[in-house]
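Heavy-atom basis, side chains included; hydrogens, waters and symmetry copies ignored. Note that the structure is a prediction, hence the values are computed from the model and not measured. A note on names: the letters A, B, ... follow the listed sequences, proteins ahead of strands, and every chain is numbered from 1.
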Number of protein chains: 2
Amino acid sequence: MDVRQRLARNLRRLREAKGWSQEKFAFEANVHRTYVSDIERGARNPTITVVEKLAAPLGVTASDLLAN
Amino acid sequence: MDVRQRLARNLRRLREAKGWSQEKFAFEANVHRTYVSDIERGARNPTITVVEKLAAPLGVTASDLLAN
DNA sequence: GTGTGACTCTAAGTCCGTC
DNA sequence: CGACGGACTTAGAGTCACA
């Protein structure tokens with residue numbers, strides 16, 4: 001499986017585990033609302049610094065988000 | 001420590017463990033020689049697909065390269 | 001063999017909406 | 001609440017000559 005798909009699935013799983021909407025999560029991660037939507041659909045190819053921004057509010061590492 | 005620095009150090013460590021020059025490694029990973037140089041100095045902010053390209057010839061995952 | 005500045009071109013990333 | 005489109009600005013992708 002592709003990295004983008006792995007990130008997409010991990011992100012959605014962890015976000016939902018927190019009970020957060022995409023909007024709420026986007027706010028917590030300091031990224032745009034639509035960007036979260038795009039990433040969870042595997043439609044984007046984010047930079048590693050963005051992955052780190054996404055990882056922070058979830059309490060995991062950038063490495064964790066790409067894992068599996 | 002910053003993700004870019006973690007990638008930089010992991011990449012350099014793993015590449016040298018293979019006994020490869022940046023040039024040799026760049027060829028194996030299908031990226032430009034100078035791009036490898038930039039990443040190992042933490043001077044670039046690559047996308048996750050690039051990280052995956054770098055991981056392949058080292059026999060590790062994209063997640064591994066960002067780890068630690 | 002590696003570092004660095006500069007360059008072009010494409011995509012990252014933001015923001016406006018609507019369905 | 002989330003998918004998706006269009007438009008926009010900035011930064012990454014990819015390359016080169018030269019140190």
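Between A:R41 and D:dC4, a side-chain N or O to OP1/OP2 separation shorter than 4.0 Å is present. Note on B:R12: a side-chain N or O is less than 4.0 Å away from OP1 or OP2 of C:dG3. An OP1 or OP2 oxygen of D:dC4 is reached within less than 4.0 angstrom by no side-chain nitrogen or oxygen of A:T34. Applying the 4.0 Å criterion to OP1 and OP2 of D:dG12, one finds that B:N45 has a side-chain N or O inside that range. Close to C:dC15, at under 4.0 Å from its OP1 or OP2, lies a side-chain N or O of A:H32.
Taking the side chain as every heavy atom from C-beta outward, B:E16 and B:E40 never approach each other to under 4.5 Å. Inter-residue side-chain proximity for B:Y35 and B:L54 is flagged as unmet; no heavy-atom pair is nearer than 4.5 Å.
A:R44 contributes no side-chain N or O that forms a donor-acceptor pair with the base of C:dA11 under 3.5 Å.
Between the OH atom of B:Y35 and the P atom of D:dA11 there is a distance of 15 Å, given to the nearest Å. Residue A:F27 contributes atom CZ, which lies 17 Å from atom C1' of C:dC15 at whole-angstrom precision. Straight-line distance from the CD1 atom of A:I39 to the P atom of C:dA12: 10 Å, rounded to whole Å. Regarding A:R33, its CZ atom lies at a distance of 10 Å from the C1' atom of D:dC4, rounded to whole Å.
Judged purely by distance below 3.5 Å, without hydrogens or angles, the side chains of B:T47 and B:T49 pair a donor atom with an acceptor atom.
Within the 4.0 angstrom heavy-atom criterion, only backbone atoms of the sugar-phosphate kind lie near A:T47; the bases stay farther away.
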